[in-house]
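Since the structure comes first, as structure tokens, the remarks are kept for the end.
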Amino acid sequence: MSDLTLLGNKNTKYPNDYSPDVLETFENKHTENDYFVKFNCPEFTSLCPITGQPDFACIYISYIPDKLMVESKSLKLYLFSFRNHGDFHEDCVNIIMKDLIKLMNPKYIEVWGKFLPRGGISIDPYCNYGRPDTKWEQLAWDRLANHDMYPEAISNR
């Protein structure tokens, strides 16, 4: 745990713009087990790259760790760093997924953004990744092909 600099740090500095450098990892103590870790971020914000208006979303991140796991406080700061970042919804979820793959090389990961409507339409981009040439690659395809087969009613937003 000595490599973690944010957990327990009382002098947290919040990034002003997109900052993947704040992400930290720790060792998975259960590498013999396959299991999901799921994060829900119901207060995600980013900026429209064209208008500069804020976009609000719930971001769901689920992954099956291998040797490394993302530390949750660093993930919170990383997601917060999108607050002043201008990118389309689809870009945000793909950037998050790619940064987490680079950080911890999970067996499998998926990121789903459920954005609040703006202009009368909501956008819910989903992306995933399974490690190539493993059973996780097939899992990624299966989950993508069957994603959102029974969509929720959007009246709850």
Practice task
Mind running side-chain contact (heavy atoms from CB on, under 4.5 Å) on M69 and T25 for me, showing each step along the way?
Solution key: CA-CA 5 Å; M69 301 177 72; T25 61; over 6 Å; no
Give the intermediate values and the outcome of side-chain contact (heavy atoms from CB on, under 4.5 Å) for residues Y78 and I96. CA-CA 9 Å; Y78 166 73; I96 291 167; 3.8 Å; yes
Apply side-chain contact (heavy atoms from CB on, under 4.5 Å) to the pair V70 and L103, showing each step before the final yes or no. CA-CA 8 Å; V70 64; L103 177 76; 3.7 Å; yes
Take Y108 and F36, measure what side-chain contact (heavy atoms from CB on, under 4.5 Å) needs, and give me the verdict at the end. CA-CA 9 Å; Y108 173 83; F36 268 106; 3.8 Å; yes
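Between the side chain of N33 and the backbone N or O of Y35 there is no donor-acceptor pair closer than 3.5 Å. Side-chain N or O atoms of N84 include none that pairs as donor or acceptor with a backbone N or O of D17 at under 3.5 Å. Looking only at distances, no side-chain donor or acceptor of D91 sits under 3.5 Å from a matching main-chain atom of D87. The closest donor-acceptor contact from the side chain of E27 to the backbone of K29 lies at 3.5 Å or more, if one exists at all. Of the possible polar contacts, one joining the R131 side chain to the N105 backbone as a donor-acceptor pair under 3.5 Å is found.
No donor-acceptor contact under 3.5 angstrom links the side chains of E90 and N94, judged on distance only. In the model, E110 has no side-chain atom that pairs as donor or acceptor with a side-chain atom of Y63 under 3.5 Å. Residues Y18 and D99 bring a donor and an acceptor atom of their side chains to less than 3.5 Å of each other.
Contact annotation: the side chain of K135 approaches that of D34 to within less than 4.5 Å [non-hydrogen atoms, C-beta and beyond]. For the pair I109 and M97, the minimum side-chain heavy-atom distance is below 4.5 Å. Between L100 and I61, the closest side-chain pair of non-hydrogen atoms falls below 4.5 Å.
Clustering ILVMFWY residues whenever any of their side-chain heavy atoms sit less than 4.5 angstrom apart, transitively, puts L75 in the very cluster that holds F26.
Within 6.0 Å of CZ in R83 there are 12 or fewer heavy atoms belonging to other residues, nucleotides or ligands.
Listed here is the closest heavy atom pair of S122 and F115: CB-O, 3.3 Å.
Taking the six-membered ring wherever Trp is involved, the centroid distance between the rings of F56 and F44 does not fall below 6.0 Å.
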